Protein chains: 2
Amino acid sequence: MPEQAAGRFVRMFLSKSFGYALRSILYLVLAHDENKRIQLSEIAGKLNIPRHFLGKVMKRLAKEGVLLSQKGPMGGFIINGQTLQTPLIKIAMITGESAHFDSCVLRLKKCNSQQPCPLHQQALQIRDKWLDLLSSVTVSDLYKKDQADFIKSIANI
Amino acid sequence: MPEQAAGRFVRMFLSKSFGYALRSILYLVLAHDENKRIQLSEIAGKLNIPRHFLGKVMKRLAKEGVLLSQKGPMGGFIINGQTLQTPLIKIAMITGESAHFDSCVLRLKKCNSQQPCPLHQQALQIRDKWLDLLSSVTVSDLYKKDQADFIKSIANI
DNA sequence: AATATAAAAGATGCGAACGTCTTTTATGGA
DNA sequence: TCCATAAAAGACGTTCGCATCTTTTATATT
């Protein structure tokens with residue numbers, strides 16, 4: 001089973017909004033200059049993200065305290081004390097709007113912890129690994145690990 | 001992070017079509033009677049699956065050889081020699097129509113094996129565990145493991 | 001051969017994630 | 001105080017997985 005082909009049939013990913021949010025946050029982190037706010041149009045332009053769509057994502061991030069926003073002339077977005085310490089799972093929760101997660105990965109209706117399907121435990125373990133990973137990794141972890149490659153990831157379209 | 005809440009924000013599941021396919025196959029396995037074909041309306045009715053939608057799923061399964069179909073009076077669906085040996089990943093591939101899987105779980109555009117993002121390896125490992133599980137488990141494995149609970153899972157809505 | 005049956009096939013509709021456009025609100029500066 | 005700027009907010013459009021309905025094709029029975 002070629003990895004690329006198989007991946008198409010199993011969904012294990014985050015929303016597009018999540019990707020937009022993460023890349024925008026990293027952009028703000030890299031471009032951070034004390035007191036200088038960065039505007040939506042710059043972020044959307046540099047990262048090639050639909051501007052108005054990104055506006056909604058950024059609004060939610062600001063509302064949740066992951067970053068700061070300011071209206072008006074010289075306004076824009078800027079990181080705050082929380083930004084670097086934000087775990088990825090928080091960004092996922094802020095941007096994730098899909099409410100239809102079935103606890104049984106096989107979609108068997110009567111499957112639960114009391115009456116688990118044969119895959120229940122193994123599937124839960126894998127999902128928990130995934131959640132643990134997103135919970136343990138923060139924005140600063142990403143920023144630190146391999147910065148050179150990272151800047152490219154962000155700046156390039 | 002409560003497990004149930006977190007699950008809503010991370011997508012790791014199979015399509016509805018997959019669930020319909022799997023449950024229908026298991027139904028055919030359990031209800032199997034030499035030479036007696038089972039009709040779409042019975043399966044859809046018993047499993048509470050939209051009939052016409054299931055028709056398309058079953059058609060694909062038959063076309064791929066996972067089971068047999070026959071038109072006309074006394075027609076219907078029936079398992080064949082392959083059915084029990086079918087790994088779940090095959091059902092996922094047949095029923096999976098989502099073609100938009102990004103190799104980078106963080107949706108970073110420049111992330112690949114040459115230039116991996118900080119989560120790339122860990123995320124791939126988790127995804128591979130998930131793919132391995134689906135590749136190693138066959139229909140007969142599900143059928144055998146805990147049959148009593150299973151029949152309930154299938155027969156109940 | 002004619003008929004009834006059941007899957008195959010195709011047209012159409014729905015809802016949610018994703019995306020675009022316009023209007024409103026807040027704010028720094030003239 | 002007025003104006004320009006930039007985010008906030010909300011209306012509207014698009015796409016795709018999911019679902020429904022109708023028509024066509026194949027086949028067992030008469």
Side-chain angles (χ1 to χ4, degrees), chain A residues 8-11 13-21 23-24 28 35-45 47-64 66-78 80 92-102 107, chain B residues 8-11 13-21 23-24 28 35-45 47-64 66-78 92 94-102 107:
Chain A
R8 289 175 49 193
F9 306 104
V10 177
R11 311 180 197 184
F13 55 86
L14 296 151
S15 67
K16 275 203 171 186
S17 295
F18 173 90
Y20 294 161
R23 291 168 60 215
S24 297
L28 287 179
N35 299 330
K36 182 175 167 280
R37 290 167 189 89
I38 294 173
Q39 291 164 16
L40 189 61
S41 54
E42 175 180 336
I43 304 170
L47 303 187
N48 199 33
I49 297 172
R51 178 193 167 128
H52 297 286
F53 190 83
L54 183 59
K56 294 171 195 182
V57 173
M58 298 297 277
K59 173 190 65 179
R60 276 181 275 159
L61 290 173
K63 199 169 277 179
E64 297 289 335
V66 173
L67 39 81
L68 292 173
S69 72
Q70 181 149 2
K71 290 182 179 183
M74 306 300 289
F77 296 90
I78 191 168
N80 65 13
M93 292 177 71
I94 292 171
T95 57
E97 35 219 331
S98 102
H100 60 290
F101 181 87
D102 297 302
R107 305 232 182 207
Chain B
R8 290 175 48 192
F9 306 105
V10 176
R11 311 180 198 184
F13 55 86
L14 296 150
S15 67
K16 276 204 169 185
S17 295
F18 173 88
Y20 294 162
R23 292 168 59 217
S24 298
L28 287 179
N35 297 329
K36 181 174 167 281
R37 291 168 187 89
I38 294 173
Q39 290 164 17
L40 189 61
S41 54
E42 176 180 334
I43 304 170
L47 303 187
N48 199 34
I49 298 172
R51 178 192 167 129
H52 297 285
F53 189 82
L54 183 59
K56 293 171 194 181
V57 173
M58 298 297 278
K59 172 190 66 181
R60 276 181 276 159
L61 291 174
K63 199 170 277 179
E64 296 290 334
V66 173
L67 40 80
L68 292 174
S69 73
Q70 181 152 0
K71 290 184 178 181
M74 307 300 290
F77 296 91
I78 191 167
I94 292 171
T95 57
E97 34 219 333
S98 100
H100 59 290
F101 181 89
D102 297 303
R107 304 230 182 210

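Chain A is the first sequence line, chain B the second, and so forth, proteins listed ahead of strands; every chain is numbered from 1. Nothing here was measured: the structure is a model prediction, and the numbers come from that model.
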* Asked: Taking for each residue the nucleotide of DNA chain C bearing the nearest heavy atom, is the 5' side occupied by B/Q39 or by B/K63?
  -> B/Q39
* Name the nucleic acid region contacted by B/Y20, choosing base, sugar-phosphate or nothing; use a 4.0 angstrom heavy-atom cut-off, strictly under. => sugar-phosphate
Closest to the [X] side chain: [options]?
| X | options | answer |
| --- | --- | --- |
| B/K56 | C/dA11, C/dA9, C/dA7 | C/dA11 |
| A/K71 | D/dA7, D/dC18, C/dC18 | D/dA7 |
| A/K16 | D/dC18, C/dA7, C/dC18 | C/dC18 |
| A/M74 | D/dT20, C/dG28, C/dT5 | C/dG28 |
| A/H52 | C/dC18, C/dT20, C/dG28 | C/dT20 |
| B/P50 | C/dT20, C/dA7, D/dA19 | D/dA19 |
| B/Q70 | C/dG28, D/dA28, C/dT20 | D/dA28 |

Take the protein atom [atom1] of [X] and the nucleotide atom [atom2] of [N], then report the distance between them rounded to whole Å.
| X | N | atom1 | atom2 | value |
| --- | --- | --- | --- | --- |
| B/I78 | D/dA28 | CD1 | P | 14 Å |
| A/E42 | D/dT5 | CD | P | 17 Å |
| B/L61 | C/dA7 | CG | C1' | 14 Å |
| A/I49 | C/dT20 | CD1 | P | 12 Å |
| A/I38 | D/dA7 | CD1 | C1' | 15 Å |
| B/L40 | D/dT25 | CG | C1' | 16 Å |
| B/R51 | C/dA8 | CZ | P | 12 Å |
| A/R60 | D/dA9 | CZ | P | 12 Å |

* To do: Could you walk me through whether A/K36 and A/I78 pass side chain to side chain contact (heavy atoms under 4.5 Å, CB included), step by step?
  => CA-CA 7 Å; A/K36 182 175 167 280; A/I78 191 168; 5.9 Å; no
* Asked: Can you tell me how far the CG atom of A/L61 sits from the NZ atom of A/K56, to the nearest 0.5 Å?
  -> 14.5 Å
* Asked: Rounded to the nearest 0.5 Å, what separation is found between the CZ atom of B/F77 and the CZ atom of B/R37?
  -> 11.5 Å
* To do: Kindly say if A/S17 contacts the phosphate of C/dC18, meaning a side-chain N or O under 4.0 Å from OP1 or OP2.
  => yes
* Quick one: is A/S69 getting a side-chain N or O under 4.0 Å of the D/dA6 phosphate, OP1 or OP2? -> no
* To do: Could you check if a side-chain atom of A/L54 sits within less than 4.5 angstrom of a side-chain atom of A/K59, using non-hydrogen atoms only?
  => no
* **Minimum side-chain heavy-atom gap A/S24-A/V57 below 4.5 Å** => no
* **Closest-nucleotide ordering on DNA chain D, the 5'-leading residue of A/P73 and A/M58** => A/P73
